[in-house]
Number of protein chains: 2
Amino acid sequence: MKWDELEEEPCSMARTIGVIGDRWTLLILRECFLRTRRFEGFQSALGITRHLLAERLKKLVRQGVLRRIPYQESPKRHEYILTQKGLDLYPIMMALVHWGDTHMLDERGRPLLHEHRKCGKMFDPVMVCSECGEPLSAKEVHVHPGPGARPASEKVSLDKKKPKSRRQAA
Amino acid sequence: MKWDELEEEPCSMARTIGVIGDRWTLLILRECFLRTRRFEGFQSALGITRHLLAERLKKLVRQGVLRRIPYQESPKRHEYILTQKGLDLYPIMMALVHWGDTHMLDERGRPLLHEHRKCGKMFDPVMVCSECGEPLSAKEVHVHPGPGARPASEKVSLDKKKPKSRRQAA
DNA sequence: TTCATACAGTTCTAAAATTGAACTGTCAAA
DNA sequence: TTTGACAGTTCAATTTTAGAACTGTATGAA
């Protein structure tokens, strides 16, 4: 599968993965949420090669996750700022952090604490149902095909290839 | 940076990314939540190469996200089942799906709808504060160093290399 | 004026990861 | 006896990524 094919999959998760589903992109976005805005800032915070960083930033801009905004003329310099589409990634970031906090800590404890300005307390993120407000778990959710679902006839494979016998075909 | 170094970073997000932060792993986990359990099931649903699939499954088992359980003797066959650690990835999966539903839909609409068994309604996942229950957004959250934070002295770079001048050093 | 540095990239080669395809081996059914 | 399901493993070819240097504008210091 080519990776741009992911964005055409009739699956919202696959499409999201097509945009942000690689390690460097996720780390770049972490820095964005920590207020990094400039090329050198990302590069020195992450140790990513300049080549990949340039490429990933371009892709995020193309996808509308970041906006490239000039902050000085001559030499032209730009900052990379999260768009609303980018800011909407926040729940994904928090969910990643929270899983790490729950399952990947060492003896030293949490690297970061999060304070909720509205209530002034240190908090954890909790995912709830938009309708009843109860916390969600996989077992309480039932999945139905929606209007954009793939027709049942082609449900077999992401890349539509039939698995074929591995003994010589002719 | 080598990818196993990610898991040693004093950052819960980096550690999580070290475990599930690549495209195939995320797609494999999607299938797990859709009740796929067997090698051939993953392979034909995703079109992933058998080589990579075997490797990714091994890693997920090693990380405690999946458990490998025999379902028949001779020939030995195993199923891959989400552990509790794996089930706890659910909020991440839902957050990915929800962002895709919000920002990556085509004209046809949502590929999947989610029904909450408890309340019987189709819902969206919402991330709220564990303390006050209000929905979260990036701007209302303030980050503090926790007990496991990296000392300020080495805050510079993920890989601890100082960026050095790019003109000939000798 | 010359030198060093900041910044935002681009270019190049070597190394690592991924793809695609075939191969192994056990067992069941035809 | 042959074919197919299943769960991998192996290997060559391609694609990505890493690591390092290079380009080019501009500023401040010597």
Side-chain angles (χ1 to χ4, degrees), chain A residues 1-6 21-28 36-61 66 68-80 156-170, chain B residues 1-6 18 21-28 31 36-61 66 68-80 156-170:
Chain A
M1 195 185 1
K2 306 303 168 307
W3 280 114
D4 35 318
E5 291 174 33
L6 259 190
D22 80 285
R23 316 216 208 197
W24 283 124
T25 299
L26 255 0
L27 289 170
I28 289 168
T36 299
R37 297 153 122 76
R38 299 185 185 177
F39 194 91
E40 291 293 319
F42 292 110
Q43 203 283 319
S44 67
L46 297 175
I48 184 176
T49 63
R50 311 176 73 76
H51 181 60
L52 260 201
L53 175 58
E55 188 160 79
R56 293 291 195 268
L57 288 173
K58 246 176 231 162
K59 179 170 179 189
L60 287 170
V61 169
L66 298 179
R68 191 161 171 272
I69 296 176
Y71 70 90
Q72 71 171 39
E73 291 294 319
S74 111
K76 274 230 172 199
R77 291 286 183 262
H78 301 84
E79 294 187 309
Y80 297 90
V156 202
S157 162
L158 255 191
D159 63 355
K160 284 119 195 156
K161 261 178 217 146
K162 281 213 203 69
K164 56 179 190 195
S165 164
R166 66 263 155 275
R167 312 231 184 240
Q168 51 281 18
Chain B
M1 193 184 6
K2 307 303 170 307
W3 280 115
D4 34 320
E5 290 172 34
L6 260 190
D22 81 285
R23 317 217 208 197
W24 283 124
T25 300
L26 254 2
L27 289 170
I28 289 168
E31 290 306 308
T36 299
R37 296 155 123 75
R38 300 185 185 177
F39 193 93
E40 291 294 317
F42 292 109
Q43 204 282 319
S44 67
L46 297 175
I48 185 177
T49 63
R50 311 175 73 76
H51 180 59
L52 259 203
L53 176 57
E55 188 159 77
R56 293 292 195 265
L57 287 173
K58 246 176 232 163
K59 180 171 180 190
L60 287 169
V61 170
L66 298 179
R68 190 160 172 273
I69 298 175
Y71 69 89
Q72 70 171 39
E73 291 295 318
S74 107
K76 273 230 173 199
R77 291 285 183 261
H78 301 83
E79 294 186 311
Y80 296 90
V156 201
S157 161
L158 253 192
D159 62 355
K160 285 118 196 157
K161 259 179 220 149
K162 280 212 203 71
K164 54 178 187 193
S165 163
R166 64 263 155 278
R167 311 228 183 243
Q168 51 280 19

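Protein chains get the first letters and strands the later ones, always in sequence-line order, with residue 1 at the start of each.
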Distance check needed: [N] [atom2] versus [X] [atom1], whole Å only.
| X | N | atom1 | atom2 | value |
| --- | --- | --- | --- | --- |
| Q43(B) | dG4(D) | CD | P | 17 Å |
| Q72(A) | dT27(D) | CD | C1' | 10 Å |
| E79(A) | dA6(C) | CD | C1' | 15 Å |
| E73(A) | dC7(C) | CD | P | 18 Å |
| R50(B) | dA22(C) | CZ | P | 13 Å |
| F39(B) | dA7(D) | CZ | P | 8 Å |
| L53(A) | dA18(D) | CG | P | 12 Å |
| I28(A) | dA8(C) | CD1 | C1' | 14 Å |

Open item on the list: Can you tell whether the side chains of R38(B) and E31(B) come within less than 4.0 Å, N to carboxylate O?
Closed with: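 Here R38(B) does not pair with E31(B) in a salt bridge, since their nearest N and O are not under 4.0 Å apart.
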Open item on the list: Using 0.5 Å steps for rounding, measure from the CD1 atom of I28(A) to the CG atom of L66(A).
Closed with: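 These two atoms lie 8.5 Å from each other.
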Open item on the list: Under 3.5 Å, is there any donor-acceptor pair linking the side chain of R38(B) to the base of dA7(D)?
Closed with: no
Task: Side-chain touch E55(A)/L52(A), heavy atoms, less than 4.5 angstrom - done: yes
Open item on the list: For a 4.5 angstrom cut-off between non-hydrogen side-chain atoms, does L6(B) reach L27(A)?
Closed with: yes
TODO: Would you please name every residue forming a side-chain contact (heavy atoms from CB on, under 4.5 Å) with P75(A), sequence neighbours left out?
DONE: Q72(A), R77(A)
Open item on the list: Of the options dA5(D), dG8(D), dG9(C), whose atoms approach the side-chain atoms of R77(B) most closely?
Closed with: dA5(D)
Open item on the list: Is there a side-chain contact between K58(B) and the phosphate of dA7(D), meaning an N or O under 4.0 Å from OP1 or OP2?
Closed with: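 Result: no.
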Open item on the list: For dC27(C) and S74(B) - does any side-chain N or O of the residue sit under 4.0 Å from the phosphate oxygens OP1/OP2?
Closed with: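 Yes, within the criterion.
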Expected rows: protein N/O vs nucleotides 14-19 of chain C N/O, under 3.5 Å:
unit_1  : atom_1 : unit_2 : atom_2 : d
dT18(C) : OP1    : R56(B) : NH2    : 2.8
dT19(C) : OP1    : W24(B) : NE1    : 3.4
dT19(C) : OP2    : W24(B) : NE1    : 3.2

Open item on the list: Classify R68(A) by what it touches in the nucleic acid, base, sugar-phosphate, or nothing, heavy-atom distance under 4.0 Å.
Closed with: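 Here R68(A) touches the backbone only, sparing every base.
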TODO: Quick one: label Y71(B) by what it contacts on the DNA or RNA (base, sugar-phosphate, nothing), any heavy atom closer than 4.0 Å.
DONE: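 It contacts sugar-phosphate atoms only.
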Open item on the list: Among residues at least two apart in sequence or on other chains, which ones pass salt bridge (Lys or Arg N to Asp or Glu O under 4.0 Å) with R56(A)?
Closed with: D22(A)
Task: side-chain contact (heavy atoms from CB on, under 4.5 Å) assessment of R68(A) paired with Y80(A) - done: CA-CA 5 Å; R68(A) 191 161 171 272; Y80(A) 297 90; 3.2 Å; yes
